[in-house]
**Q** 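Sharing a structure below in structure tokens format, with a few things to ask.
Whatever order the structure lists them in is the order used to number ligands and atoms, beginning at 1. Everything numeric in this text was worked out from a predicted model, so none of it was measured. Basis for what follows: all heavy atoms, side chains included, without hydrogens, waters or symmetry-related copies.
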Amino acid sequence: MSTRIRRIASLSGANALRELADSLAVTLPCDDEPLAAPHSPLAMPLDLPSAAGASRLVAANRFVVQPMEGWDATLDGRPTALTERRWRAFGRSGAGLVWGGEAVAVRTEGRANPNQLLIDSRNAAALGALRRALVSEAVGAPPVVGLQLTHSGRFARPDTSGARPRIAFRHPVLDRRFGIEDDGHCLSDEELRQLVVDFGEAARIAHAEGFDFVDVKHCHGYLLHEMLAARRRAGAFGGESLASRMRLLREVVTAVRESAPQLLVGVRLSIFDRVPHRPEPGAGAGGRLGVGMPEPHDLPYRDGFGIDAGDPTRTDWTEPLALVRELASLGVTLLNVTAGSPYYVPHVQRPAAFPPSDGYAPPEDPIVGVARLLDAARRAKQAAPELVVVASGLSYLQEYVPHVAQACVRAGWFDAAGLGRMALSYPELPADVLAGRPLVRERICRTFSDCTTAPRNGLVSGCYPLDPFYRERPEREALDARKREQRGASR
Ligand SMILES: Cc1cc2nc3c(=O)[nH]c(=O)nc-3n(C[C@H](O)[C@H](O)[C@H](O)COP(=O)(O)O)c2cc1C
Ligand code: SF4
């Protein structure tokens with residue numbers, strides 16, 4: 001059954017948003033009006049604990065640009081003009097911290113697509129130039145800039161010759177869904193040990209090229225996130241105990257700290273997950289996608305991190321909060337809290353009014369998903385107050401991003417508010433909010449999901465509906481044609 005969604009743009013003010021949240025039985029702190037600097041909690045500088053021998057780092061405010069990849073690097077993993085355009089926009093945003101720019105693979109095999117950035121000695125200078133281009137756009141104090149390091153694991157598609165996903169363990173639901181038929185895709189313990197070395201080397205390069213921190217990416221279904229759920233995996237890195245499933249995380253963080261002691265270490269973590277969802281069969285009337293529902297699965301459900309085994313549509317907080325505390329004791333200083341995966345539970349990972357082409361109609365009001373993500377950041381901050389905690393999933397709030405972000409930061413729910421899709425449609429939103437300027441309505445992300453649908457169809461990502469630069473690109477027509485075809489196919 002489809003959920004009636006009250007459009008955010010139709011709300012008459014903060015009070016209406018609060019009433020909507022109440023009617024959905026979720027808690028969503030929300031101020032009456034956004035405040036400008038210096039009165040806004042979002043304008044407070046954020047001190048980052050310094051790494052050994054490094055100078056003190058301060059983010060000028062509490063806005064963060066989330067990592068947003070564009071599927072637009074060269075085949076050998078270097079930035080193109082499109083990549084640079086996006087990073088420059090992030091630099092102009094006015095955000096105090098840029099979390100990673102985008103996912104960068106630490107080895108070829110781990111690239112999510114043939115056009116993902118790759119960090120190695122050949123590409124080092126180009127990545128350094130990208131960082132400098134971003135910083136050169138800053139209007140006030142330059143932002144703190146990290147680089148997100150990844151291996152895409154199950155979702156690695158490093159070349160066009162065929163899918164070569166590498167997995168942590170045989171997952172009964174995801175293997176069926178994504179056509180994994182044999183154990184050959186499983187990374188061996190030996191391969192994981194080599195990966196630890198690769199992460200260390202990537203961190204050394206990132207430090208040499210001037211990045212302030214690296215993010216050891218543990219989210220969205222990619223390899224290091226999947227390892228946290230590897231109960232079915234034998235050997236040193238899997239099994240029932242969380243300590244074994246965290247072994248790779250510990251070894252990677254240690255390698256990163258040893259090879260670049262002056263670099264801060266962050267982790268972007270899918271702190272909870274859900275059983276994979278798919279559109280309700282036969283429900284896609286009128287070319288619409290069916291409503292999302294859980295894929296068939298066995299109970300107890302053992303194959304996700306932070307999932308209640310008895311009811312995998314709920315969170316079990318025991319392991320996630322233990323892991324957060326472990327991060328703090330390992331010397332990680334920044335935690336970016338996200339959840340789920342865009343491939344199998346997009347409504348959890350990026351709440352949206354309009355689903356991407358490979359998704360499903362929202363099974364809940366997206367406000368519920370936003371509130372769940374913000375509450376997760378609150379729990380992480382409570383569990384390890386020494387970590388600098390960044391929240392994700394705010395873009396669906398549209399006009400009310402500043403109202404909610406400032407209320408949450410003031411209440412100490414988390415330290416900083418991350419902007420993902422909004423940073424594509426309207427990168428300068430932080431600068432406008434802090435300067436007390438009214439928001440530019442035509443640039444507010446309405447969660448149309450074209451920036452996800454385009455790469456799912458082999459096209460570069462960008463905000464096709466709202467950014468005139470992408471609206472006028474030839475890919476726009478291809479994207480519209482693809483969407484028409486898919487609507488026809490689901491009739
Ligand atoms: C086009 C696109 C690219 C993304 N690229 C990345 C990425 O490289 N790394 C990452 O951790 N998350 C990535 N994300 C997820 C976002 O960082 C963010 O978590 C998500 O969009 C939800 O936040 P929002 O509501 O502010 O958009 C991407 C999302 C989109 C839509
Ligand atoms: S395409 Fe633009 S409006 Fe749509 S979700 Fe992406 S950033 Fe938002």
**Q** Nearest to atom 7 (S) of ligand 2, what protein heavy atom do you find, and at what distance?
**A** Arg421 O, 3.4 Å

**Q** Counting both backbone and side chain atoms, is some N or O of Thr452 under 3.5 Å from an N or O of ligand 1?
**A** no

**Q** Treating Asn61 as the side-chain partner and Phe63 as the backbone partner, does any N or O pair qualify as donor plus acceptor under 3.5 Å?
**A** yes

**Q** Are side-chain N/O atoms of Asp358 and Tyr343 paired as donor and acceptor at under 3.5 Å?
**A** no

**Q** Please identify which atoms of ligand 1 are closer than 4.0 Å to at least one heavy atom of Gln148.
**A** 7 (C), 8 (O), 9 (N), 10 (C), 11 (O)

**Q** From the options His218, Arg268, Met68, select the one whose nearest heavy atom is closest to atom 12 (N) of ligand 1.
**A** Arg268

**Q** Tell me, please, if Cys451 has any N/O/S atom, main chain or side chain, under 2.8 Å from atom 2 (Fe) of ligand 2?
**A** no

**Q** Kindly confirm or rule out an N or O of Gln66 lying under 3.5 angstrom from an N or O of ligand 1.
**A** no

**Q** Could you check atom 20 (C) of ligand 1 against the protein and tell me its nearest heavy-atom contact, residue, atom and distance included?
**A** Gln349 NE2, 3.8 Å

**Q** Considering only protein heavy atoms, which is closest to atom 2 (Fe) of ligand 2, and at what distance to one decimal place?
**A** Cys463 SG, 2.3 Å

**Q** Nearest to atom 29 (C) of ligand 1, what protein heavy atom do you find, and at what distance?
**A** Arg350 NH2, 3.2 Å

**Q** Does any N or O atom in Ala103 lie less than 3.5 angstrom from one in ligand 1, N or O only?
**A** yes

**Q** How about Arg86 and Thr83: do any of their side-chain heavy atoms sit closer than 4.5 Å?
**A** yes

**Q** Write out the residue and atom name of the closest protein heavy atom to atom 13 (C) of ligand 1, then the distance separating them to 0.1 Å.
**A** Pro67 O, 3.1 Å

